[in-house]
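Here is the structure we will look at, set down as structure tokens.
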Amino acid sequence: MSSTDFEFLINLIGPKVAKENTNFRESISVSVRLAITLSFLSSGESYHSLLYIFKVSKQAISEIVPEVCEALISGLKNYIKVRII
């Protein structure tokens with residue numbers, strides 16, 4: 001994936017998946033959330049192995065992937081045409 005495409009997806013889903021920083025921790029950035037999800041979808045890696053690649057807890061990954069997938073589906077629905085056979 002080109003960096004231009006990645007930036008396009010970040011801008012597309014950013015407002016839907018961005019989280020606020022708190023006094024106790026910094027939030028996981030939109031770019032990392034997208035990278036985790038794309039890695040999961042493209043490689044089929046388990047959440048456990050993604051934990052070591054991205055240094056994000058398995059619990060957080062299990063929330064990030066469905067959330068980002070939903071944002072991608074809703075954001076890209078005007079770009080994707082589905083043909084039912």
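Side-chain atoms are counted along with the backbone in the values below, which use heavy atoms only and exclude waters and symmetry mates.
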Margin query: Once you measure the plane-to-plane angle for Y47 and F40, does it fall in the parallel (<30°), tilted (30-60°) or perpendicular (>60°) bin?
Written below: tilted

Notebook entry, point to check: Under a 4.0 Å N-O cut-off, is there an ion pair linking E63 with K19?
Noted result: no

Item checked: Same apolar cluster (I L V M F W Y, side chains within < 4.5 Å links), I73/F8 -> no

Next item on the list: For residues P66 and I61, report the shortest heavy-atom separation together with the two atoms involved.
Entry: CD-O, 4.3 Å

Next item on the list: Identify the residue among T4, L9, I10 that makes a side-chain contact (heavy atoms from CB on, under 4.5 Å) with F6.
Entry: I10

Margin query: With a 4.5 Å cut-off on side-chain heavy atoms, are I13 and L72 touching?
Written below: yes

Check: Roughly how far apart are M1 CE and L34 CG, rounded to 0.5 Å?
Finding: 7.0 Å

Note to self: Do S39 and I53 have side chains that approach each other closer than 4.5 Å (heavy atoms only, starting at C-beta)?
What the structure shows: no

Note to self: Restricting to non-hydrogen atoms, name the atom on E45 and the atom on S49 that form the minimum distance, rounded to 0.1 Å.
What the structure shows: OE1-OG, 2.6 Å

Item checked: Nearest non-hydrogen partners of S27 and E20, listed with the distance -> CB-O, 3.7 Å

Item checked: Interatomic spacing from CD in E7 to CG in L12 - rounded to 0.5 Å -> 12.5 Å

Next item on the list: Please check if atom NZ in K58 has more than 12 non-hydrogen atoms from other residues, nucleotides or ligands closer than 6.0 Å.
Entry: no

Checklist line | Shared hydrophobic cluster, I64 / V32 (ILVMFWY, side-chain heavy atoms < 4.5 Å) | finding: yes

Notebook entry, point to check: Given V65 and I36, is the side-chain contact (heavy atoms from CB on, under 4.5 Å) satisfied, shown in steps?
Noted result: CA-CA 7 Å; V65 170; I36 288 170; 4.2 Å; yes

Next item on the list: Check A60 against I28 and note the closest heavy-atom contact, atom names and distance.
Entry: CB-CD1, 4.2 Å

Next item on the list: With rounding to the nearest 0.5 Å, note down the distance linking CG in L38 to SG in C69.
Entry: 8.5 Å

